[in-house]
Structures are given as C-alpha cells and as structure tokens.
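Report on one structure; see the data block that follows.
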Amino acid sequence: MDEDHAGTMIQAEGLSKRYGRTQALAGVDFSVPAGTILGLLGPNGAGKTTAVRILTTLARPDSGRATVAGIDVVAHPQRVRRHIGVAGQEATLDPLLTGRQNLLIIGELSGMGRAASRTRAAELLEEFDLAQAADRVSKGYSGGMRRRLDIAASLMTRPPVLFLDEPTTGLDPTGRQRTWDAIGALRKEGVTVLLTTQYLEEADALADRIVVVDHGAVIAEGTAQELKAASGTAHVELTLTEPHPGAVDAITPLVNGPVHTGEDPRHLSASVEATSGLASALVRALDEAGAMVDNIEVRRPSLDDVFLALTGTHTPDTDGGPAPRHAGADHDLEVRA
Ligand code: ATP
C-alpha cells in the first residue's frame, strides 16, 4: 500500500469517461477514508457504474486519476485487483452449487487453501444469515439470499476494499432489509465500502458519507444529515380546533417568515428551524393566546426532498422500477461544500 495514501482507501480525482456522444463521467472527485462506507447515489444513467468500472479496473478513464488502497488503477490494475472485492451482479455464483460450495470454490481458486477456505466460508455464511441454507443449491435461494451470498463471495479473500453496485435493486422490502443488515455488519470487518444506489433510504441507512451524482457530475456531498439540512428548512403544519384571530400573531415570533393560512381558516403553516421542543413551544404560545391546537406536525426535509431538489428526480419506489424524470425541476440548487 502506498504510504502517502494511508487513511484514504479510494480516491477519484477528475475522472472523466465518454462513450460515443454520452459523457458518462464529467470530472468526478471523491475519496473514501479507510473503514468507512461511501454511498454513491444517483438516478439511472448518472454514471455510478462507470465510476465503479474504472475503480475496479474494468474500464479506463479518458482523463483524471484514481487510486485504490493507494495504487493507481490505470498503472497497476493487477495489483489493485488483489485488494478489492466486487459484488452486485451475482456473476460469480453458480446456481447449481450450494451456498457453501460457491464460497469454497472461490477460496480455493484464490489459493487460500482448503482449511482456510472452509473456516472463512463458515464464518461468512453465519455472518450473512445463510448458515441454515448453506448446503442447499443456490438456485433455490430468494433474491435477497443470492445477493447476500454474492457479497459473502466477494469477501472470501478478506479484501480491504469492497465495491457494491446497487446491491438491493429489485429486492422486496424483507430481502432489502436483510441485505442492509449484512452490509451494516461489514463495519465489523473494517472493510472500506463504495456502495452505489438509487435508493435514498439505502444511502441513509448504510453510508457514512453520500456523494450525489447526476449526468456524470457530483452535485452534492455530505452526510445524510448535512444533505437534508442543506435542502431547506423544516415546515410546521397545524390545525386549530376552531379559527382564532390571534393565532398568527402568537406563532409568528417562533417561525421563519410569514405564517400561511389555508382555505380552511383553522389551518396554519410556516417554515421553521426544526429544533427540539419547537412543537410544544408553538402549542404553549397558542394556548396563551386562547387558541386550541387540534393537530401539529413538524416536517423535516427527507432525503427524498433533497434528491428531488438536486436532480429533479424522485427516488424509485421499492419495487426497483425506474424513476420518472420531472420536467422543469430545479437543477440550480447547489449544496456542494
Ligand atoms: P444505472 O443506475 O442505470 O446503472 P449508472 O448511474 O450506473 O446508471 P452508468 O451505467 O455509469 O450509469 O451510465 C452512464 C451513462 O453512460 C449512461 O448514459 C449510459 O447509457 C452510458 N454508458 C455506460 N456504459 C456504456 C457503454 N459501455 N457504452 C455506451 N454507453 C454507455
């Protein structure tokens, strides 16, 4: 490992790649500190897979530079390959072999030796919740089980860096949750992970940091919290038991900007800073003015709001279908630090 890069396991600097007339990547920078999970989040065609293909030495960048474990991916692809695991396509699995046999073959082909392979396979089958099904042919596994076996296979040789390309696309909610649990457990192994996903909840649940890509460029980055905070303020919606003339004045000092009244004069809404205790402060202020609150809701921006604001695209539903693009959406929001 290159000493200069100790602490940073994946580094991409100005990566560009064009396929014919499509600029798949247009100068992408990011880095992943050792032992952390980076979520590379973006809609279909954003360039996520292209970035992974370059970092895993399957494609060459037109320009820019990338290192994995401190090793240049263009200059030393074979050395890079010795440090990485790649999962997501289930390409390594033989459906006619059992889960355990699939892992043992990989171990033995990698020169781990029989005994070490058996130990590692048993450990991974346990860790990925596959011990019960270990000796059944993998053809009969559910989608979630196959994904977990695929990730386990990529970890047989204990690579320090793991690439997971859309590991839960197309899985049902249970399969997705169990795959998330397995990925979360990778922290124990100290593996550095680059995870690509179209699902905000997935990035939110698993990633230490998130890089949002769209049209081949990084459009935002930060923790899930930072991205949410940058997408705008929270909102309060409240309903009084009956209209009250002093209600607007009572809550104005506690909110940002004007208080809006709805068609139903009992409804009030405003932008707020979502601090703890805000809802009770609002209720108290209204109470003192003699207005009774029927319902109050403080809505923080979700990552879905962030994604929509940044890319003009809703994240796909959990059925794995493609997300519709929304015409005329705001592409100008810039939250990049
Ligand atoms: P998805 O979620 O659909 O996999 P992605 O973010 O991984 O999307 P990429 O697969 O990297 O996106 O594709 C980025 C762009 O480059 C797309 O417009 C795609 O059609 C194009 N592209 C990718 N690979 C090739 C290729 N081998 N030949 C031609 N065009 C390609």
Side-chain angles (χ1 to χ4, degrees), residues 10 12-30 32 37-66 68 73-74 77 84-91 143 146-147 150-151 154 161-171 175-176 179-180 183 193-207 209-221 227 303-304 306-308 310-327 329 331 336:
I10 303 172
E13 292 167 20
L15 285 186
S16 294
K17 178 82 181 173
R18 178 182 280 280
Y19 290 108
R21 296 178 58 192
T22 306
Q23 189 76 48
L25 287 180
V28 162
D29 301 297
F30 57 82
V32 193
I37 301 182
L38 178 81
L40 197 59
L41 175 70
N44 276 325
K48 306 179 296 294
T49 301
T50 303
V52 168
R53 286 177 58 78
I54 291 172
L55 292 166
T56 56
T57 78
L58 298 176
R60 288 169 72 99
D62 297 337
S63 59
R65 183 167 179 270
V68 172
V73 296
V74 174
I84 63 175
V86 186
Q89 315 298 329
E90 298 175 29
R146 279 203 302 276
R147 298 293 172 89
D150 185 41
I151 299 171
S154 68
V161 183
L162 179 65
F163 293 89
L164 296 175
D165 197 7
E166 305 205 5
T168 69
T169 296
L171 294 185
R176 174 164 300 156
T179 305
W180 284 1
I183 296 169
V193 180
L194 189 150
L195 162 94
T196 76
T197 183
Q198 304 181 39
Y199 302 120
L200 288 165
E201 317 92 285
E202 184 155 295
D204 204 359
L206 297 174
R209 288 186 70 73
I210 297 171
V211 167
V212 186
V213 287
D214 193 26
H215 300 297
V218 175
I219 56 170
E221 61 181 300
L227 292 177
L303 261 185
D304 198 48
V306 179
F307 204 61
L308 178 63
L310 289 170
T311 68
T313 310
H314 274 294
T315 50
D317 292 331
T318 42
D319 66 7
R325 280 228 158 233
H326 289 256
H331 280 264
R336 188 156 187 190

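Being a predicted model, the structure only gives us computed values, none of them experimental. Below, all heavy atoms of this structure are taken into account, side chains as well, without hydrogens, waters or symmetry copies. Just follow the structure's listing: the first ligand is 1, and inside any ligand the first atom is 1. For reference, positions follow the sequence shown, starting with 1.
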Proximity of Arg53 to ligand 1 by residue part, where a heavy atom lies under 4.0 Å: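 Neither part.
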Ligand 1 contact on Ala51 by region, counting heavy-atom pairs under 4.0 Å: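 It is neither part, as no heavy atom is under 4.0 Å.
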Test item: protein heavy atom less than 4.0 Å from atom 19 (C) of ligand 1: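 So far as the 4.0 Å threshold goes, atom 19 (C) of ligand 1 is out of reach of every protein heavy atom.
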Test item: protein heavy atom less than 4.0 Å from atom 8 (O) of ligand 1: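 Answer yes: something from the protein, a heavy atom, is under 4.0 Å.
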Is a side-chain N or O of [X] found less than 3.5 angstrom from the main chain of [Y], in a donor-acceptor match?
X: Thr196; Y: Glu166; result: yes
X: Arg176; Y: Thr168; result: yes
X: Arg65; Y: Glu13; result: no
X: Asp165; Y: Thr49; result: no
X: Lys48; Y: Pro43; result: yes
X: Thr57; Y: Val73; result: no

Gly45-ligand 1 polar pair, N/O distance under 3.5 Å: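 Right, the criterion is met.
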Close N or O approach (Thr22, ligand 1; < 3.5 Å):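 Between Thr22 and ligand 1, no N or O pair is found under 3.5 Å apart.
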Write out the residue and atom name of the closest protein heavy atom to [atom], then the distance separating them to 0.1 Å.
atom: atom 4 (O) of ligand 1; result: Thr49 OG1, 3.4 Å
atom: atom 27 (N) of ligand 1; result: Tyr19 CE2, 3.5 Å
atom: atom 16 (O) of ligand 1; result: Ala24 CB, 3.3 Å

Pro43 to ligand 1, any heavy atom closer than 4.0 Å: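 Yes, Pro43 has a heavy atom closer than 4.0 Å to ligand 1.
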Any Gly47 heavy atom less than 4.0 Å from ligand 1: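 Gly47: in contact with ligand 1 (<4.0 Å).
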Side chain to side chain contact (heavy atoms under 4.5 Å, CB included) assessment of Val218 paired with Asp29: CA-CA 7 Å; Val218 175; Asp29 301 297; 5.8 Å; no
Proximal atoms of ligand 1 relative to Glu166 (non-hydrogen, under 4.0 Å):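 Per the distance check, 1 (P), 2 (O), 4 (O).
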Numbered atoms and elements of ligand 1 in range of Gln198, under 4.0 angstrom, heavy atoms: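 In order of numbering, the contacting atoms are 2 (O).
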Lys/Arg cation over aromatic Phe30: Arg209, 6.0 Å, 45° cone: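 Relative to the ring axis of Phe30, which defines the angle, Arg209 lies outside at least one limit.
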Nearest atoms (heavy-atom pairs only) where Val74 meets Pro61: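 Closest approach of Val74 to Pro61: CG2-CD, 3.5 Å.
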Of the listed options Asn44, Thr50, Val52, closest to atom 13 (O) of ligand 1 (non-hydrogen atoms):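 It is Thr50 whose heavy atom sits nearest to atom 13 (O) of ligand 1.
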